[in-house]
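Some notes on the structure that comes next.
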Amino acid sequence: MNHKRVAILISGGGSNMVELVKSMHGDHPARAVLVLANSADAGGLKRARAMGIATDFVDHRPFKGDRAAFEARLCDVLQQSAPDILCLAGFMRILTPEFIAKWQGRMLNIHPSLLPKYRGLNTHKRALEAGDSEHGCTVHEVTGALDDGPVLGQARLRVRAGDTPDTLSARVLKLEHQLYPAVLKRFAAGDKTPALLP
Ligand code: GRF
(Lines give C-alpha, C1' and ligand atoms only; values in the text may rest on other atoms or scores of the structure.)
Protein backbone atom coordinates (compact mmCIF):
# COMPACT_ATOMS: atom_id res chain seq x y z
CA MET A 1 0.00 0.00 0.00
CA ASN A 2 1.41 3.43 -0.78
CA HIS A 3 0.43 5.40 2.24
CA LYS A 4 -0.89 8.92 2.38
CA ARG A 5 1.87 11.18 3.73
CA VAL A 6 0.84 13.24 6.75
CA ALA A 7 2.56 16.34 8.15
CA ILE A 8 1.46 17.46 11.61
CA LEU A 9 1.78 21.11 12.64
CA ILE A 10 2.16 21.91 16.33
CA SER A 11 2.94 24.80 18.64
CA GLY A 12 3.13 23.14 22.03
CA GLY A 13 3.37 19.80 23.80
CA GLY A 14 1.87 17.91 20.92
CA SER A 15 -0.24 15.36 22.81
CA ASN A 16 -2.63 15.16 19.84
CA MET A 17 0.35 14.75 17.50
CA VAL A 18 1.62 11.84 19.60
CA GLU A 19 -1.73 10.06 19.35
CA LEU A 20 -1.93 10.68 15.61
CA VAL A 21 1.59 9.32 15.05
CA LYS A 22 0.90 6.28 17.25
CA SER A 23 -2.28 5.53 15.29
CA MET A 24 -0.61 5.38 11.86
CA HIS A 25 0.56 1.76 11.65
CA GLY A 26 -0.51 -1.57 10.23
CA ASP A 27 -3.39 -1.28 7.77
CA HIS A 28 -3.81 2.46 8.44
CA PRO A 29 -3.73 4.19 5.03
CA ALA A 30 -1.41 6.99 6.21
CA ARG A 31 2.01 7.52 7.75
CA ALA A 32 3.46 10.56 9.52
CA VAL A 33 6.31 12.07 7.50
CA LEU A 34 6.96 15.32 9.38
CA VAL A 35 6.18 17.17 12.59
CA LEU A 36 6.57 20.91 12.06
CA ALA A 37 6.43 23.57 14.79
CA ASN A 38 6.42 27.36 14.80
CA SER A 39 9.04 27.41 17.55
CA ALA A 40 12.19 25.45 18.34
CA ASP A 41 10.91 25.16 21.92
CA ALA A 42 7.73 23.27 21.09
CA GLY A 43 7.76 20.28 23.45
CA GLY A 44 6.23 18.08 20.78
CA LEU A 45 9.39 18.21 18.64
CA LYS A 46 11.34 16.12 21.13
CA ARG A 47 8.42 13.69 21.47
CA ALA A 48 8.23 13.32 17.68
CA ARG A 49 11.97 12.68 17.42
CA ALA A 50 11.67 10.04 20.14
CA MET A 51 9.11 8.30 17.91
CA GLY A 52 11.45 8.45 14.93
CA ILE A 53 9.51 11.10 13.02
CA ALA A 54 11.33 13.82 11.07
CA THR A 55 10.87 17.24 12.63
CA ASP A 56 11.49 20.82 11.72
CA PHE A 57 10.49 24.26 12.91
CA VAL A 58 9.96 27.71 11.47
CA ASP A 59 10.06 30.34 14.18
CA HIS A 60 7.32 32.84 13.32
CA ARG A 61 8.78 35.66 15.42
CA PRO A 62 11.51 36.88 13.03
CA PHE A 63 8.79 37.42 10.42
CA LYS A 64 7.24 40.07 12.68
CA GLY A 65 3.67 39.55 11.53
CA ASP A 66 4.52 39.09 7.85
CA ARG A 67 2.30 36.04 7.62
CA ALA A 68 2.92 35.50 3.92
CA ALA A 69 6.71 35.36 4.43
CA PHE A 70 6.34 33.00 7.39
CA GLU A 71 4.03 30.74 5.39
CA ALA A 72 6.36 30.79 2.38
CA ARG A 73 9.05 29.37 4.66
CA LEU A 74 6.56 26.80 6.02
CA CYS A 75 5.81 25.76 2.44
CA ASP A 76 9.53 25.39 1.64
CA VAL A 77 9.87 22.99 4.56
CA LEU A 78 6.62 21.17 3.81
CA GLN A 79 7.43 20.53 0.17
CA GLN A 80 10.57 18.65 1.17
CA SER A 81 8.30 16.08 2.83
CA ALA A 82 5.64 16.31 0.12
CA PRO A 83 2.69 15.65 2.47
CA ASP A 84 -0.72 14.67 1.10
CA ILE A 85 -2.51 15.75 4.28
CA LEU A 86 -1.79 18.45 6.90
CA CYS A 87 -3.04 17.95 10.44
CA LEU A 88 -3.07 21.07 12.63
CA ALA A 89 -2.75 19.83 16.20
CA GLY A 90 -2.52 22.66 18.67
CA PHE A 91 -1.04 24.89 15.99
CA MET A 92 -1.67 28.36 17.30
CA ARG A 93 -0.94 30.55 14.27
CA ILE A 94 -3.70 32.00 12.12
CA LEU A 95 -3.16 30.95 8.51
CA THR A 96 -3.84 33.24 5.56
CA PRO A 97 -6.58 32.46 3.02
CA GLU A 98 -3.83 31.94 0.42
CA PHE A 99 -2.12 29.20 2.44
CA ILE A 100 -5.49 27.62 3.23
CA ALA A 101 -6.52 27.72 -0.43
CA LYS A 102 -3.35 25.77 -1.31
CA TRP A 103 -4.24 23.02 1.17
CA GLN A 104 -8.04 23.21 1.18
CA GLY A 105 -9.55 19.77 1.23
CA ARG A 106 -6.30 18.30 2.56
CA MET A 107 -5.94 20.16 5.87
CA LEU A 108 -7.59 19.19 9.16
CA ASN A 109 -7.77 20.87 12.56
CA ILE A 110 -8.99 19.87 15.98
CA HIS A 111 -10.85 22.43 18.03
CA PRO A 112 -11.84 21.98 21.69
CA SER A 113 -15.55 22.72 21.37
CA LEU A 114 -18.67 21.37 19.68
CA LEU A 115 -18.48 23.66 16.65
CA PRO A 116 -20.15 25.82 15.57
CA LYS A 117 -20.23 26.73 19.26
CA TYR A 118 -17.25 28.62 20.67
CA ARG A 119 -14.95 29.35 17.79
CA GLY A 120 -11.71 30.92 18.95
CA LEU A 121 -10.12 30.67 22.38
CA ASN A 122 -11.14 29.87 25.98
CA THR A 123 -13.75 27.38 24.85
CA HIS A 124 -14.01 25.46 28.13
CA LYS A 125 -14.48 28.63 30.20
CA ARG A 126 -17.14 29.86 27.76
CA ALA A 127 -19.03 26.56 27.85
CA LEU A 128 -19.05 26.62 31.67
CA GLU A 129 -20.15 30.25 31.77
CA ALA A 130 -22.98 29.41 29.39
CA GLY A 131 -24.05 26.58 31.70
CA ASP A 132 -23.82 24.02 28.90
CA SER A 133 -24.63 20.47 29.94
CA GLU A 134 -22.59 19.07 27.05
CA HIS A 135 -19.19 20.00 25.64
CA GLY A 136 -16.51 18.32 23.55
CA CYS A 137 -14.26 18.65 20.51
CA THR A 138 -14.49 18.83 16.75
CA VAL A 139 -12.24 17.82 13.88
CA HIS A 140 -12.97 19.87 10.79
CA GLU A 141 -11.52 20.65 7.38
CA VAL A 142 -9.75 23.99 7.49
CA THR A 143 -11.35 26.68 5.36
CA GLY A 144 -10.88 30.44 5.16
CA ALA A 145 -13.08 31.16 8.16
CA LEU A 146 -11.45 30.58 11.57
CA ASP A 147 -12.50 27.31 13.25
CA ASP A 148 -15.06 26.68 10.58
CA GLY A 149 -15.19 24.24 7.68
CA PRO A 150 -16.92 20.91 7.12
CA VAL A 151 -17.12 18.88 10.33
CA LEU A 152 -15.39 15.51 10.02
CA GLY A 153 -15.96 14.34 13.56
CA GLN A 154 -17.19 15.32 16.99
CA ALA A 155 -16.82 13.80 20.45
CA ARG A 156 -19.00 14.94 23.31
CA LEU A 157 -19.16 14.57 27.09
CA ARG A 158 -21.42 15.64 29.94
CA VAL A 159 -20.26 18.68 31.89
CA ARG A 160 -20.02 17.77 35.57
CA ALA A 161 -21.07 19.94 38.52
CA GLY A 162 -17.92 21.53 39.87
CA ASP A 163 -16.07 21.31 36.55
CA THR A 164 -13.52 24.06 36.08
CA PRO A 165 -11.92 25.06 32.78
CA ASP A 166 -8.92 22.95 33.79
CA THR A 167 -10.85 19.79 34.70
CA LEU A 168 -13.05 20.15 31.63
CA SER A 169 -10.14 20.74 29.23
CA ALA A 170 -8.34 17.70 30.63
CA ARG A 171 -11.36 15.49 29.93
CA VAL A 172 -11.91 17.02 26.49
CA LEU A 173 -8.24 16.46 25.63
CA LYS A 174 -8.71 12.74 26.28
CA LEU A 175 -11.62 12.79 23.82
CA GLU A 176 -9.45 14.63 21.30
CA HIS A 177 -6.91 11.84 21.51
CA GLN A 178 -9.59 9.36 20.48
CA LEU A 179 -11.37 11.50 17.90
CA TYR A 180 -8.51 12.86 15.84
CA PRO A 181 -6.92 9.47 15.02
CA ALA A 182 -10.35 8.03 14.20
CA VAL A 183 -11.12 10.88 11.82
CA LEU A 184 -7.68 10.84 10.18
CA LYS A 185 -7.92 7.12 9.43
CA ARG A 186 -11.24 7.63 7.64
CA PHE A 187 -10.14 10.83 5.92
CA ALA A 188 -6.94 9.21 4.62
CA ALA A 189 -9.10 6.41 3.19
CA GLY A 190 -11.18 9.02 1.38
CA ASP A 191 -14.15 8.77 3.73
CA LYS A 192 -15.48 12.15 4.79
CA THR A 193 -18.61 10.96 6.60
CA PRO A 194 -18.50 12.59 10.06
CA ALA A 195 -17.37 10.41 12.97
CA LEU A 196 -19.57 11.06 16.02
CA LEU A 197 -18.35 9.70 19.37
CA PRO A 198 -19.68 8.21 21.51
C1 GRF B 1 -5.74 21.08 22.43
O2 GRF B 1 -6.60 21.51 23.43
C3 GRF B 1 -6.41 21.27 21.11
O4 GRF B 1 -7.81 21.16 21.17
C5 GRF B 1 -6.08 22.69 20.76
O6 GRF B 1 -4.80 22.95 21.31
C7 GRF B 1 -4.52 21.99 22.31
C8 GRF B 1 -3.32 21.24 21.80
O9 GRF B 1 -2.88 20.36 22.69
N10 GRF B 1 -6.07 22.81 19.33
P11 GRF B 1 -1.63 19.42 22.27
O12 GRF B 1 -0.49 20.34 21.85
O13 GRF B 1 -2.09 18.55 21.13
O14 GRF B 1 -1.34 18.65 23.51
Side-chain angles (χ1 to χ4, degrees), residues 8-23 32 35-48 50-51 55 57-61 65 67 70 86-96 100 107-187 194-198:
I8 306 169
L9 278 68
I10 64 169
S11 294
S15 72
N16 274 291
M17 173 277 295
V18 168
E19 297 306 317
L20 288 173
V21 169
K22 280 167 40 182
S23 74
V35 171
L36 177 55
N38 62 296
S39 154
D41 308 332
L45 291 175
K46 198 164 51 190
R47 297 168 89 177
M51 293 189 287
T55 63
F57 71 90
V58 177
D59 189 336
H60 66 277
R61 287 166 299 189
R67 291 184 191 282
F70 167 62
L86 296 191
C87 287
L88 307 183
F91 187 68
M92 303 306 274
R93 305 304 299 167
I94 303 270
L95 295 165
T96 64
I100 291 169
M107 181 158 56
L108 310 182
N109 181 46
I110 188 155
H111 181 74
S113 79
L114 293 174
L115 290 174
K117 294 181 96 168
Y118 313 128
R119 293 188 178 90
L121 300 173
N122 304 316
T123 60
H124 311 296
K125 178 171 177 288
R126 291 156 67 192
L128 289 169
E129 285 170 354
D132 290 356
S133 57
E134 272 198 335
H135 185 45
C137 51
T138 303
V139 175
H140 62 94
E141 284 191 49
V142 178
T143 60
L146 181 68
D147 297 332
D148 201 346
V151 170
L152 293 171
Q154 286 197 317
R156 57 189 62 231
L157 52 67
R158 308 287 304 163
V159 177
R160 292 176 186 155
D163 257 328
T164 66
D166 284 350
T167 61
L168 195 50
S169 70
R171 289 198 287 121
V172 169
L173 193 59
K174 286 194 172 58
L175 282 188
E176 294 176 32
H177 295 167
Q178 296 164 35
L179 179 67
Y180 213 168
V183 169
L184 175 61
K185 185 166 187 176
R186 294 158 79 124
F187 188 81
L196 304 174
L197 312 177

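In what follows, every heavy atom counts, from backbone to side chain, and hydrogens, waters and symmetry copies are set aside.
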From Val21, Val18, Leu36, residue fulfilling side chain to side chain contact (heavy atoms under 4.5 Å, CB included) relative to Ile8
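Considering Val21, Val18, Leu36, a side chain to side chain contact (heavy atoms under 4.5 Å, CB included) with Ile8 is found only for Val21.
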
Exam field: side chain [X] to backbone [Y], donor-acceptor pair closer than 3.5 Å:
X	Y	answer
Arg67	Ile94	yes
Arg126	Leu121	yes
His60	Asn38	yes
Thr138	Gln154	no
Ser113	Thr123	no

Just how far is it from atom [atom1] of [X] to atom [atom2] of [Y], taken to the nearest 0.5 Å?
X	Y	atom1	atom2	value
His140	Leu88	NE2	CG	8.0 Å
Leu175	Tyr180	CG	OH	15.5 Å
His177	Ser23	NE2	OG	11.5 Å
Cys137	Leu115	SG	CG	10.0 Å

Which heavy atom in [X] sits nearest to a heavy atom in [Y], and how many Å separate them?
X	Y	value
Leu184	Cys87	CD1-SG, 3.9 Å
Phe187	Leu152	CD1-CD1, 3.7 Å
Thr55	Ala48	CG2-CB, 3.5 Å
Ser15	Arg47	N-NH1, 3.8 Å
Tyr118	His111	O-NE2, 2.7 Å
Leu45	Ile10	N-CD1, 3.9 Å

Enumerate donor-acceptor pairs with a distance under 3.5 Å from any side-chain N or O in residues 164-173 to protein atoms, sequence neighbours excluded.
{"from": "Thr164", "atom 1": "OG1", "to": "Asp166", "atom 2": "N", "distance (Å)": "3.3"}
{"from": "Thr164", "atom 1": "OG1", "to": "Thr167", "atom 2": "N", "distance (Å)": "3.0"}
{"from": "Thr164", "atom 1": "OG1", "to": "Thr167", "atom 2": "OG1", "distance (Å)": "3.4"}
{"from": "Thr167", "atom 1": "OG1", "to": "Asp163", "atom 2": "OD1", "distance (Å)": "2.7"}
{"from": "Thr167", "atom 1": "OG1", "to": "Thr164", "atom 2": "N", "distance (Å)": "2.8"}
{"from": "Thr167", "atom 1": "OG1", "to": "Thr164", "atom 2": "O", "distance (Å)": "3.0"}
{"from": "Ser169", "atom 1": "OG", "to": "Pro165", "atom 2": "O", "distance (Å)": "3.1"}
{"from": "Ser169", "atom 1": "OG", "to": "Asp166", "atom 2": "O", "distance (Å)": "3.1"}
{"from": "Arg171", "atom 1": "NH1", "to": "Arg158", "atom 2": "O", "distance (Å)": "3.4"}
{"from": "Arg171", "atom 1": "NH2", "to": "Asp163", "atom 2": "OD1", "distance (Å)": "3.1"}
{"from": "Arg171", "atom 1": "NH2", "to": "Asp163", "atom 2": "OD2", "distance (Å)": "2.2"}

So the salt bridge (charged side-chain N to carboxylate O under 4.0 Å, His left out) pairs with at least one residue in residues 112-123 (sequence neighbours excluded) are Lys117-Asp132, Arg119-Asp148

Quick one: do Met107 and Leu9 satisfy side-chain contact (heavy atoms from CB on, under 4.5 Å)? Show the steps, please.
CA-CA 10 Å; Met107 181 158 56; Leu9 278 68; over 6 Å; no

If the plane angle is over 60° it's perpendicular, under 30° parallel, otherwise tilted; pick one for Phe91 and Phe70.
parallel

Would you check if Glu134 and Val159 make a side-chain contact, meaning some heavy-atom pair closer than 4.5 Å?
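Answer no - side chains too far apart.
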
